[in-house]
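Structure, as structure tokens:
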There are 2 protein chains.
Amino acid sequence: MRALANAAFELAMEQGLDGFIVDDVAGRAGYSRRTFTNYFSCKEEAVATGASIVNDTIEMEQMLENLSEDTLPIDILFQLIKMQLTVDYLKRMREMALICKKHLTMEPYFLKVVRQLHVDAQETLMKLTNGKVDEVYIQLLVGGVYGGMLPVIDGSVHIQFPDQSSSNNTFHQHLDKIYEYLKNGF
Amino acid sequence: MRALANAAFELAMEQGLDGFIVDDVAGRAGYSRRTFTNYFSCKEEAVATGASIVNDTIEMEQMLENLSEDTLPIDILFQLIKMQLTVDYLKRMREMALICKKHLTMEPYFLKVVRQLHVDAQETLMKLTNGKVDEVYIQLLVGGVYGGMLPVIDGSVHIQFPDQSSSNNTFHQHLDKIYEYLKNGF
DNA sequence: ACTTAAATTTGCCTAATGCGCAAAATTGCT
DNA sequence: AGCAATTTTGCGCATTAGGCAAATTTAAGT
């Protein structure tokens, strides 16, 4: 299934959404068309899935070790975000955003992927705070962060990606700005 | 086109997504199937569109009149929200959320409609503040509010809808809660 | 009212899609 | 190896997406 999604994403980047059909995806991944439809309802869904990465929950557990008892939810969240939205991930999202601009049918599936990020972060944060924090609080917090990240993800806010060597990167500056506003109120 | 969307939404409520085909939608709306595909890429998109309501920008102008110079963006936004998310609108969204639970293929199109609300509010707020406010600020603010509203919209948070007679309604209480958090920080 | 240009709708056609069903292949377990 | 559970596949068919050109409707000018 991962193979199918990857194949779809690659084909979309190489040929554009109209440049291939489901058979091509299945073929490249080494499966039959029927298997493709077992997992995806359309090309678009497969492409979007291919652009996203599954974050295993192991990272979450790694994080737990570094947490002191009184770390604020907002700080936990921002640590999470930084683990989740790696440079690689953002680049993939950008690729997808590009495809979206050309093919309107992609947009809903793009949104679905971003939404999944959102939901994952929310659930993880719930677990990490262990039910001690109001659920609405968490919903709002995560909603705010992802609402602010969306323009970054889809490229409508231009962000210089950090590479390992450069010390000043605007991506983290943007994150800091989000942090400030959410922390101190509007 | 509105007629097609409405027909699709009604059919989805009456028969469920699997209970009809595109021809039925076109037929009920009095158009041909070919015309349907001129406007929608699939049933789902039509249904989602039918569930949403176009807000003309007249309301925005109405609002402008009531605004004093120094009204805070967050207060403008909450007035906007209250105009946009009427009880009727929320009920339609709930209907759609219900359909979503049964038919996973609807979800991306549901998200698209909600996203549109989000974008509309953002653009309106930009106009109303007339470029005097940082764009990131607005993105975050609107993102926070809609992130917090999403669980309400899709019904995962149970909310008693206000009717005209009841004075205490939990929907507005929820809005107030969102307001507090965003205003005062996390 | 009449004419003409622009926009919308439609029919026709064909490649592509979605999915139920049952058979075949693969995997996992003992 | 033997057997159960899961995954993959082929077949078939109703449905769908969209290019193209004709037909119809709408809007505008005179």
Side-chain angles (χ1 to χ4, degrees), chain A residues 1-52 54 56 96 99-113, chain B residues 1-51 54 56 96 98-113:
Chain A
M1 178 186 152
R2 193 65 220 173
L4 286 164
N6 287 339
F9 182 48
E10 288 162 18
L11 280 168
M13 286 193 298
E14 292 169 14
Q15 334 244 351
L17 251 200
D18 299 332
F20 64 98
I21 62 181
V22 173
D23 292 275
D24 299 327
V25 179
R28 176 187 282 231
Y31 289 94
S32 72
R33 189 173 65 95
R34 189 62 187 79
T35 300
F36 178 94
T37 61
N38 280 343
Y39 293 102
F40 304 104
S41 68
C42 60
K43 261 193 302 189
E44 286 82 355
E45 187 178 16
V47 171
T49 305
S52 77
V54 264
D56 22 3
M96 182 161 57
I99 299 172
C100 276
K101 306 263 183 254
K102 291 180 201 153
H103 307 276
L104 292 190
T105 52
M106 270 299 299
E107 197 198 358
Y109 298 92
F110 173 73
L111 290 174
K112 190 184 157 205
V113 166
Chain B
M1 174 185 155
R2 192 67 219 170
L4 286 164
N6 288 338
F9 183 47
E10 289 161 17
L11 280 168
M13 285 193 298
E14 292 168 15
Q15 333 244 351
L17 252 200
D18 299 331
F20 65 98
I21 62 181
V22 172
D23 291 273
D24 300 326
V25 179
R28 175 186 281 232
Y31 289 93
S32 71
R33 201 194 53 192
R34 190 62 187 76
T35 300
F36 178 94
T37 61
N38 281 342
Y39 292 102
F40 303 104
S41 68
C42 60
K43 264 194 298 189
E44 286 82 355
E45 186 178 17
V47 171
T49 305
V54 263
D56 21 2
M96 183 162 54
L98 266 181
I99 299 172
C100 277
K101 306 261 184 257
K102 289 179 202 153
H103 307 275
L104 291 190
T105 53
M106 271 298 299
E107 196 198 359
Y109 298 93
F110 174 74
L111 289 174
K112 190 184 157 202
V113 166

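In this text, all values refer to a predicted model and were calculated from it rather than measured experimentally. Chain A is the first sequence line, chain B the second, and so forth, proteins listed ahead of strands; every chain is numbered from 1.
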Next on the checklist: Quick check: on DNA chain D, is the nucleotide nearest A:Ser32 upstream (toward 5') of the one nearest A:Asp18, or the reverse? Name the residue that is more 5'.
Outcome noted: A:Ser32
Can you name the atoms? Protein N/O to nucleotides 12-14 of chain C N/O, anything below 3.5 Å, with the distance.
none

Tell me the interatomic distance from [X], atom [atom1], to [N], atom [atom2], rounded to whole angstroms.
{"X": "B:Phe36", "N": "D:dG18", "atom1": "CZ", "atom2": "C1'", "answer": "14 Å"}
{"X": "A:Asn38", "N": "D:dT7", "atom1": "CG", "atom2": "P", "answer": "10 Å"}
{"X": "A:Ile21", "N": "D:dG18", "atom1": "CD1", "atom2": "C1'", "answer": "15 Å"}
{"X": "A:Asp23", "N": "C:dT17", "atom1": "CG", "atom2": "P", "answer": "7 Å"}
{"X": "B:Leu17", "N": "D:dT16", "atom1": "CG", "atom2": "P", "answer": "11 Å"}
{"X": "A:Phe40", "N": "C:dT17", "atom1": "CZ", "atom2": "P", "answer": "14 Å"}
{"X": "B:Lys43", "N": "C:dG18", "atom1": "NZ", "atom2": "P", "answer": "12 Å"}
{"X": "B:Leu4", "N": "D:dA17", "atom1": "CG", "atom2": "P", "answer": "13 Å"}

Treating [X] as the side-chain partner and [Y] as the backbone partner, does any N or O pair qualify as donor plus acceptor under 3.5 Å?
{"X": "B:Lys43", "Y": "B:Phe20", "answer": "yes"}
{"X": "B:Asn6", "Y": "B:Ala3", "answer": "no"}
{"X": "A:Lys112", "Y": "B:Leu111", "answer": "no"}

Next on the checklist: How long is the straight-line distance from CE of A:Met106 back to SG of A:Cys100, given to the nearest 0.5 Å?
Outcome noted: 4.5 Å
Next on the checklist: Evaluate A:Asp18 against A:His103 for side-chain contact (heavy atoms from CB on, under 4.5 Å), listing each step before the verdict.
Outcome noted: CA-CA 9 Å; A:Asp18 299 332; A:His103 307 276; 3.6 Å; yes
Next on the checklist: Using side-chain contact (heavy atoms from CB on, under 4.5 Å), reason through B:Phe40 and B:Met1 one step at a time and then give a plain yes or no.
Outcome noted: CA-CA 9 Å; B:Phe40 303 104; B:Met1 174 185 155; 4.0 Å; yes
Item to check | Greater than 12 external heavy atoms within 6.0 Å of A:Tyr31's OH | outcome: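 No - once you tally the heavy atoms of other residues, nucleotides and ligands closer than 6.0 Å, there are 12 at most.
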Next on the checklist: Please determine whether a side-chain nitrogen or oxygen atom of A:Tyr31 lies at a distance below 4.0 Å from atom OP1 or OP2 of D:dT7.
Outcome noted: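 For A:Tyr31, the contact criterion (side-chain N or O under 4.0 Å from OP1 or OP2 of D:dT7) is not met.
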Checklist entry - If only side-chain N and O atoms of B:Thr35 are considered, is one of them under 4.0 Å from the OP1 or OP2 phosphate oxygen of C:dT9? => result no
Checklist entry - At under 4.0 Å between heavy atoms, what does A:Tyr39 touch on the DNA or RNA strands: base, sugar-phosphate, or nothing? => result sugar-phosphate
